[in-house]
Amino acid sequence: MAATAGLSSPAGPVDRDVFAEGLLEFLRPAVGQLDSHVHAVRESQVELREHIDSLAAELCRINEDQKVALDLDPYVKKLLNARRRVVLVNNILQNAQERLRRLSHSVGKETARRKAFLDTSSNYPHSSPSK
């Protein structure tokens, strides 16, 4: 009966710490990769916004230079609307990247704390108080 009780008992604190540390180490590369992808997307969003601004300015210039009145205002409005959406997506990505950075920092701190705790607890002899 003692053998079955050992199977159903919860894991000890050291086992949980080892599991948590392993899980954190497993997730760390994914968090780093996600962070680099978000950074790359944000850079491309900035570049796209700059191209939209340039194109909108060029359309306005062409519209002013034309001898025949072309109504390019709807196209300029569409470009400005697209630019607004790009800025919105960029802000969302920036907020997500900041949360990801804070999460990564917290994971690093927690890993260091648990490692220090495990190192400290392994330095103490595990003897019974009755001896």
Side-chain angles (χ1 to χ4, degrees):
M1 185 157 155
T4 58
L7 292 175
S8 63
S9 68
V14 173
D15 293 334
R16 282 187 298 234
D17 287 343
V18 169
F19 176 74
E21 186 174 328
L23 186 60
L24 291 174
E25 289 301 317
F26 176 74
L27 292 176
R28 188 180 312 273
V31 169
Q33 185 179 23
L34 184 59
D35 184 52
S36 68
H37 286 306
V38 168
H39 183 71
V41 169
R42 285 186 57 214
E43 285 179 357
S44 70
Q45 292 282 322
V46 168
E47 187 178 327
L48 178 59
R49 188 180 67 217
E50 290 170 356
H51 285 299
I52 288 173
D53 289 344
S54 173
L55 186 55
E58 187 68 21
L59 282 176
C60 286
R61 188 190 61 74
I62 289 171
N63 198 26
E64 290 170 0
D65 292 345
Q66 290 295 319
K67 294 184 180 65
V68 177
L70 292 175
D71 190 18
L72 297 177
D73 287 339
Y75 301 107
V76 172
K77 286 179 184 177
K78 285 182 182 182
L79 281 171
L80 293 177
N81 189 29
R83 182 191 186 282
R84 183 187 58 80
R85 288 191 309 250
V86 166
V87 169
L88 180 64
V89 169
N90 196 21
N91 289 339
I92 291 168
L93 283 172
Q94 187 173 4
N95 291 336
Q97 188 176 30
E98 179 59 27
R99 286 192 304 264
L100 185 61
R101 188 196 61 76
R102 285 193 310 260
L103 176 64
S104 179
H105 181 71
S106 296
V107 165
K109 281 176 52 176
E110 183 65 16
T111 301
R113 186 189 69 78
R114 288 179 184 261
K115 189 174 280 190
F117 176 76
L118 287 174
D119 289 346
T120 332
S121 65
S122 67
N123 290 337
Y124 292 111
H126 292 74
S127 62
S128 134
S130 63
K131 289 186 179 179

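The first residue of the sequence shown is numbered 1, and numbering continues consecutively from there.
If you take CD on Gln97 and OG on Ser36, they are separated by 9.5 Å, rounding to the nearest 0.5 Å. With values rounded to the nearest 0.5 angstrom, His39 atom NE2 is found 13.0 Å from Leu100 atom CG. With rounding to the nearest 0.5 Å, the separation of CD in Glu50 from CZ in Arg83 is 9.5 Å. Note that the CD atom of Glu98 and the CG atom of Asp35 stand 10.0 Å from one another [nearest 0.5 Å]. To the nearest 0.5 Å, atoms CG (Leu93) and CD (Glu43) are separated by 12.0 Å. Distance check: Ser44 OG to His51 NE2 gives 10.5 Å after rounding to the nearest 0.5 Å.
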*Just do the side chain to side chain contact (heavy atoms under 4.5 Å, CB included) check on Asn95 and Arg99 with the steps written out, would you?*
CA-CA 6 Å; Asn95 291 336; Arg99 286 192 304 264; 4.0 Å; yes
_For Gln33 and His37: C-alpha separation, side-chain torsions, deciding distance, then whether side chain to side chain contact (heavy atoms under 4.5 Å, CB included) applies._
CA-CA 6 Å; Gln33 185 179 23; His37 286 306; 3.5 Å; yes
_Go through it in stages, so that I can follow the logic: the residues are Leu27 and Val107, the test is side chain to side chain contact (heavy atoms under 4.5 Å, CB included), and I'd like the CA-CA distance, side-chain angles, deciding distance and then a yes or no._
CA-CA 9 Å; Leu27 292 176; Val107 165; over 6 Å; no
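Counting heavy atoms from C-beta outward, His105 and Arg102 have side chains that stay 4.5 Å or more apart. Using a 4.5 Å cut-off on side-chain heavy atoms (C-beta onward), Val87 and Arg84 make no contact.
When every heavy atom of Val86 is checked against every heavy atom of Leu48, the shortest pair comes out as CG2-CD2, 3.7 Å. Closest non-hydrogen pair, Leu80 versus Ala56, comes out as CD2-CB, 4.4 Å.
Linking Ile, Leu, Val, Met, Phe, Trp and Tyr residues whenever their side-chain heavy atoms come within less than 4.5 Å places Ile62 and Leu55 in a single cluster.
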